**Q** 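Sharing a structure here in structure tokens format.
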There are 2 protein chains.
Amino acid sequence: MAGHGGSVAGSDAEVERLLDVLAAEGGRRTAARRAIVAAFVATAGAVTADELTARVQADAPDVNQSTVYRVLEALEAAGAADRAETGREAAAWHLVAGDHHHLRCSVCGRVEEVGTDAVAALAAAVEAETGFVLSDHLVLTGRCARCGRR
Amino acid sequence: MAGHGGSVAGSDAEVERLLDVLAAEGGRRTAARRAIVAAFVATAGAVTADELTARVQADAPDVNQSTVYRVLEALEAAGAADRAETGREAAAWHLVAGDHHHLRCSVCGRVEEVGTDAVAALAAAVEAETGFVLSDHLVLTGRCARCGRR
DNA sequence: GTAATTGCAAAGCTTTTGCAATTTA
DNA sequence: TAAATTGCAAAAGCTTTGCAATTAC
């Protein structure tokens, strides 16, 4: 494999891009940040801060969880990551990609994905009505097909 | 005023209705539940468990916060109340009314309301696509008009 | 050199839970 | 009397924060 520690082609560039995003706001390129961002990029979908910390520490055991939280917060502030509150459990973090949203069942807790298409019209309506620009990663709550309505 | 402790005309009936809802699931009518439900009904919009506890304790100082949490949970399970996670802060609880949703700005934290009309089409699309029935009280995140997009 | 970043540990906050005592049906 | 409910206190879980040491610029 090219790159360091099992990275995938293309990922390195994405990691650097995100470090650039942080650097653009006065941030610095540190080993910890690179490890965290790399682990984040290597993640398919959403992760909790806890899961991400575990993945980071698999490669870089010295990186502390509080640093993970701080980097996630910095990415969020820069608009590169989204924190999706899921309710009872820890927040789910995504890199901003904008291709799906989440549906969380308030009965069984299961989380499904739904494409952005269904939400696009809503986003337009909300923006027209209120000027509010919806996130690329919403968490919509309700009852899943299995748990039914009541 | 009619009724006990500054209640408003019509509210008493609503309080009893909610106690009925709980009773229908095997619940019992207790003084604590009546105080909590009354305070909840007397609240215009959303409250946190903490705020609700304060209001309850203004009239009934002996009611414990854990009881407030348990009643909210029971109302949620009965479909009479909705817990809306707002992100950093405590969850916002609503009686199910179904006339609006919330928009939370991830930059400034401000929460706006938006009517159900804008969401109705989304709800239909999501249900058609996934069988998922959206909640009557969603919390949609994004950036408000003031904070703009980035 | 200066400001940002980090690790560590501790604190903060909301929410949940165990249990004995009390109350409702 | 049996089951549900309550208060109290403690625990749990996620996230944030103070601070001194380190590191990037």
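Just so it is clear, the model here is predicted, and its values are computed rather than measured.
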**Q** Within this structure, what is the CD-to-P distance between A:E76 and D:dT15, rounded to whole angstrom?
**A** 11 Å
**Q** Does a side-chain N or O from B:N64 land closer than 4.0 Å to OP1 or OP2 of D:dC8, or not?
**A**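 For D:dC8, OP1/OP2 do have a side-chain N/O of B:N64 under 4.0 Å.
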**Q** B:Q57 side chain to B:V63 main-chain N or O, any donor-acceptor pair under 3.5 Å?
**A** yes
**Q** Nearest 0.5 Å, what's the CZ-CD1 distance between A:R70 and A:I36?
**A** 9.5 Å
**Q** In this structure, how many angstroms lie between the P atom of C:dC13 and the CG atom of B:D50, rounded?
**A**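 It works out to 10 Å between those atoms.
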**Q** Which atom pair, heavy atoms only, marks the closest approach of B:V56 to B:A35?
**A**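 Result for this residue pair: CG2-O, 4.0 Å.
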**Q** Distance check needed: D:dA4 P versus B:L19 CG, whole Å only.
**A**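 One finds 18 Å between P of D:dA4 and CG of B:L19, rounded.
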**Q** Looking only at heavy atoms, which two atoms of B:A91 and B:R83 are closest? And how far apart?
**A** CB-CG, 3.7 Å
**Q** Protein within reach of the bases, or only the backbone? For nucleotides 18-25 of chain C, mark each nucleotide 5' to 3' as B, S or -, using heavy atoms under 4.0 Å.
**A** B-----BS
**Q** Could you state the CG-P distance from A:D62 to D:dT22, rounded to the nearest angstrom?
**A** 14 Å
**Q** Could you grab the distance from atom CG of A:D12 to atom CZ of A:R34, nearest 0.5 Å is fine?
**A** 9.0 Å
**Q** Heavy atoms only: give me the nearest A:E51-A:A46 pair and the separation to one decimal.
**A** OE1-O, 4.2 Å
**Q** Compare every heavy atom of B:F40 with every heavy atom of B:V47, then report the nearest pair and how far apart it is.
**A** CG2-CE1, 3.9 Å
**Q** Keeping the roles fixed (side chain from B:E127, backbone from B:L134), state whether a donor-acceptor pair exists under 3.5 Å.
**A** no
**Q** Whole Å only: how far is the CG atom of A:L22 from the P atom of C:dT5?
**A**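 Whole-Å distance recorded here is 8 Å.
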**Q** What integer distance in Å separates A:E51:CD from D:dT15:C1'?
**A**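 Distance check: A:E51 CD to D:dT15 C1' gives 16 Å.
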**Q** Starting at CD of A:Q65 and ending at C1' of C:dC8, how long is that distance when rounded to a whole Å?
**A**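 Distance, rounded to whole Å: 13 Å.
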**Q** Could you state the CG-P distance from B:L72 to D:dT6, rounded to the nearest angstrom?
**A** 12 Å
**Q** Given that B:W93 and A:R33 both sit by DNA chain C, which one's nearest nucleotide is further toward the 5' end?
**A** A:R33
**Q** Please round to 10 degrees the angle between the axis of the first five pairs and the axis of the last five pairs in the helix from C:dG1-D:dC25 to C:dA25-D:dT1.
**A**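 The end-segment axes of the helix from C:dG1-D:dC25 to C:dA25-D:dT1 are tilted 40° relative to each other.
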**Q** By nearest atom, which of the nucleotides D:dT16, C:dT6, D:dG7 is closest to the A:A32 side chain?
**A** C:dT6
**Q** Donor-acceptor pair, A:T130 side chain versus A:V126 backbone, under 3.5 Å?
**A**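 A pair under 3.5 Å: yes.
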**Q** On the nucleotide D:dT15, are OP1 or OP2 found under 4.0 Å from the side-chain N or O atoms that A:Y69 carries?
**A**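 Looking at the OP1 and OP2 atoms of D:dT15, one of them is under 4.0 Å from a side-chain N or O of A:Y69.
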